[in-house]
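All remarks here apply to the structure that follows.
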Amino acid sequence: QVLLVESGGGLVQAGGSLRLSCAASGRTFSNYAMGWYRQFPGKEREIVAAINRSGGSTYYIRSVKGRFTIARDNAKNMVYLQMNSLKPEDTAVYYCAASATVGQVTTQGRVDYWGQGAQVTVSS
């Protein structure tokens with residue numbers, strides 16, 4: 001079992017920045033690829049960014065590339081999402097995700113563990 005706890009959400013003006021943090025506890029953190037998903041009201045969750053077990057490879061959806069940065073610290077069992085140049089359309093609930101299946105954290109059905117979610121609201 002892996003427990004994921006997000007923090008760092010909140011309200012920010014357009015153009016501002018937020019950093020989401022996800023603390024993991026339980027099984028060996030470095031055995032899991034990690035991702036950040038978001039969910040808009042009435043919509044399915046979508047992958048935003050992902051990072052492999054070592055932190056050496058990352059993935060971003062096109063709409064956040066160049067604005068968001070995912071990083072992990074395996075010594076601290078933490079994964080982060082630095083969000084810069086935020087836009088109102090980034091407003092959503094953001095979820096931390098962990099997958100033990102190689103290369104599959106971007107597939108919602110292959111996520112093994114989810115965090116509870118963190119609200120991010122960007123005002124115009």
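All figures in this text were calculated on a predicted structure; none of them were measured in a lab.
A continuous path of ILVMFWY side-chain contacts below 4.5 Å connects Trp36 to Val2, so both sit in one hydrophobic cluster. Hydrophobic clustering (ILVMFWY, side-chain heavy atoms < 4.5 Å, transitive): Leu3 and Val79 are in distinct clusters. By the criterion of side-chain heavy atoms lying less than 4.5 angstrom apart, applied directly or through intervening Ile, Leu, Val, Met, Phe, Trp or Tyr residues, Tyr94 is not grouped with Met78; the two fall into different hydrophobic clusters. Clustering ILVMFWY residues whenever any of their side-chain heavy atoms sit less than 4.5 angstrom apart, transitively, puts Ile61 in the very cluster that holds Ile51. Placement of Val111 and Ile47 within a single hydrophobic cluster is found when ILVMFWY residues are connected by side-chain heavy-atom separations under 4.5 Å, directly or transitively.
Smallest separation of non-hydrogen atoms from Leu81 and Ala49: CD1-CB, 4.1 Å. Closest of all the heavy-atom pairs between Thr69 and Tyr60 is CA-OH, 3.3 Å. When every heavy atom of Asn84 is checked against every heavy atom of Ser17, the shortest pair comes out as OD1-OG, 2.9 Å.
For the pair Gln119 (side chain) and Gly9 (backbone), a donor-acceptor distance under 3.5 Å is absent. Listed for the Asn77 side chain is no donor-acceptor partner under 3.5 Å among the backbone atoms of Ala23. Within the 3.5 Å criterion, the main-chain N or O of Gly56 finds a donor-acceptor partner in the side chain of Ser54. Here the side chain of Gln116 pairs a donor or acceptor atom with the backbone of Glu6 at under 3.5 angstrom.
No side-chain donor-acceptor contact under 3.5 Å links Thr106 and Gln104. Residues Ser30 and Asn74 bring no donor and acceptor atom of their side chains to less than 3.5 Å of each other.
With contacts defined as side-chain heavy-atom distances shorter than 4.5 Å, the pair Met34/Leu4 qualifies. Residues Leu18 and Val120 are in side-chain contact: their nearest non-hydrogen atoms beyond the backbone lie under 4.5 Å apart. Between Val105 and Tyr32, the closest side-chain pair of non-hydrogen atoms is not below 4.5 Å. Within the 4.5 Å cutoff, no side-chain heavy atoms of Arg45 are placed close to those of Arg38. Looking only at side-chain heavy atoms (C-beta outward), Tyr59 and Asn52 stay at 4.5 Å or farther from each other.
Taking CZ of Arg53 as the reference point, atom OG1 of Thr28 lies at 11.0 Å (rounded to 0.5 Å). The CZ atom of Phe40 sits 8.5 Å away from atom OG1 of Thr91, with the distance rounded to the nearest 0.5 Å. Note: Arg67 CZ to Ser85 OG = 7.0 Å, rounded to the nearest 0.5 Å.
Judged by a 6.0 Å distance limit and a 45° cone about the ring axis, Arg72 is positioned over the six-membered ring of Phe29. Cation-pi geometry between Arg19 and Tyr80 is met: the NZ or CZ atom falls under 6.0 Å from the ring centre, inside 45° of the normal.
Atom CZ of Arg110 is surrounded by 12 or fewer heavy atoms from other residues, nucleotides or ligands within 6.0 Å.
The aromatic rings of Trp114 and Tyr95 sit perpendicular to each other, their planes meeting at more than 60°, with 30° as the lower class boundary.
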**Report entry** side-chain contact (heavy atoms from CB on, under 4.5 Å) between Val64 and Met83, worked out
**Finding:** CA-CA 8 Å; Val64 308; Met83 304 183 292; over 6 Å; no
Requested in this report: Walk me through it: do Gln82 and Phe68 pass the test side-chain contact (heavy atoms from CB on, under 4.5 Å)?
Outcome: CA-CA 5 Å; Gln82 178 67 44; Phe68 291 11; over 6 Å; no
